[in-house]
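Let me begin by presenting the structure, written as structure tokens, before commenting on it.
Sequence lines set the chain letters: A, B, ... in the order given, protein chains first and strands last, and positions in each chain run from 1. Just the heavy atoms: all of them, side chains too, but no hydrogens, waters or symmetry mates, feed the values below.
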Amino acid sequence: AQRVTQPEKLLSVFKGAPVELKCNYSYSGSPELFWYVQYSRQRLQLLLRHISRESIKGFTADLNKGETSFHLKKPFAQEEDSAMYYCALSYPGGTSYGKLTFGQGTILTVHP
Amino acid sequence: EAGVTQFPSHSVIEKGQTVTLRCDPISGHDNLYWYRRVMGKEIKFLLHFVKESKQDESGMPNNRFLAERTGGTYSTLKVQPAELEDSGVYFCASSPTGGNQPQHFGDGTRLSIL
């Protein structure tokens, strides 16, 4: 069965420091990986997806199939990055297409 | 464009009562998903509608949960009778047809069973 693991429940860094939120997955096929973010008092929203290979708000994430990882990185954290981050996996096809499997989430706090 | 709307935002009921949650997806989105986050656990998939049809309901916990999407527009999720372990935040998401499109989430309904 598919599974997404985010080993850190809490992550604290200082403003300007690099940040990396870890995500590992287990899935036998070719999944699609996403990072979703929930800022304080806002709804869950898509941050980025691996097939886009783009940088959003300075964040990047590379899919490493060998290590089955999809870590989220940002070289210089900002206070406004403080939020809950979820890594998620979905099926690209079949009857369960679109169904998201989430990790437990990582609360990122960026201190001034 | 109006986002996904969920009602109510918070519901507090007693064990054994019935509660109905509603989700209005983004107009034109054929795919509608329900998820749930129980305290301390990850967000888990409940079911997926394509228009009015249930595509995948493998995540529904038991037969106390009934989801409908009559007419392929808004959806309701009824819990009858509610149990203590049903407490949590229920999220709805929608996405357009075509490929594996990103899902747009609502604010969620916080359900508290006393």
Side-chain angles (χ1 to χ4, degrees), chain A residues 1-10 21 23-27 29-54 56 61 63 83-107, chain B residues 1-7 9-10 23-26 29-51 53-60 67 69 75 88-110:
Chain A
Q2 72 285 357
R3 186 178 178 87
V4 177
T5 303
Q6 291 180 249
E8 304 134 332
K9 286 190 177 180
L10 302 169
L21 290 85
C23 172
N24 288 90
Y25 67 92
S26 61
Y27 179 61
S30 297
E32 285 212 46
L33 274 297
F34 304 84
W35 277 99
Y36 279 83
V37 60
Q38 188 169 25
Y39 300 102
S40 178
R41 290 183 290 277
Q42 294 188 29
R43 60 184 58 186
L44 198 61
Q45 57 188 282
L46 178 68
L47 180 62
L48 53 81
R49 56 193 301 194
H50 87 272
I51 62 171
S52 300
R53 303 182 69 82
E54 56 190 345
I56 304 292
L63 180 61
M84 170 76 97
Y85 290 81
Y86 293 97
C87 182
L89 168 160
S90 79
Y91 297 91
T95 56
S96 296
Y97 77 88
K99 165 186 171 181
L100 289 171
T101 298
F102 286 90
Q104 286 202 313
T106 297
I107 298 174
Chain B
E1 163 184 274
V4 176
T5 305
Q6 291 188 246
F7 182 83
S9 58
H10 194 179
C23 169
D24 286 75
I26 293 172
H29 282 193
D30 288 339
N31 293 298
L32 188 150
Y33 302 84
W34 283 98
Y35 295 89
R36 177 174 74 167
R37 184 177 62 209
V38 172
M39 179 75 75
K41 303 282 189 180
E42 66 269 27
I43 300 170
K44 285 197 170 179
F45 168 83
L46 295 178
L47 88 159
H48 170 201
F49 283 101
V50 178
K51 296 185 180 177
S53 299
K54 291 177 184 174
Q55 173 75 16
D56 181 356
E57 52 183 332
S58 61
M60 294 288 265
R69 192 183 182 194
S75 174
V89 181
Y90 290 76
F91 294 101
C92 175
S94 71
S95 68
T97 308
N100 204 354
Q101 298 288 337
Q103 295 175 29
H104 299 260
F105 281 78
D107 286 326
T109 293
R110 182 172 296 277

From [X] [atom1] over to [Y] [atom2], what is the distance, rounded to the nearest 0.5 angstrom?
X        : Y        : atom1 : atom2 : result
B:Leu46  : A:Lys99  : CG    : NZ    : 10.5 Å
B:Gln101 : A:Arg49  : CD    : CZ    : 6.5 Å
A:Gln38  : B:Asp107 : CD    : CG    : 8.5 Å

Do you know which two heavy atoms are closest between B:Glu42 and A:Gly103, and how far apart they sit?
CB-O, 3.5 Å

Minimum heavy-atom separation for B:Phe105 to A:Leu44, with atom names?
CB-O, 3.5 Å

Sorted by chain and number, sequence neighbours left out, side-chain hydrogen bond (donor to acceptor under 3.5 Å, both in side chains) with A:Trp35 holds for none

A:Leu46, part contacting chain B, at a heavy-atom distance under 4.5 Å
side chain

Which atoms of A:Gln6 come close to chain B, meaning under 4.5 Å heavy atom to heavy atom: side chain ones, backbone ones, both, or neither?
neither

Under 3.5 Å donor-acceptor, A:Arg43 side chain and B:Gly3 backbone
no

Checking the side chain of B:Tyr35 only, and the main-chain atoms of A:Phe102 only, is there a donor and an acceptor separated by less than 3.5 Å?
no

Less than 4.5 Å apart, any side-chain heavy atom of B:Tyr33 and any of A:Leu100?
no

Answer yes or no: does atom NZ of B:Lys54 have more than 12 heavy-atom neighbours from other residues, nucleotides or ligands under 6.0 Å?
yes

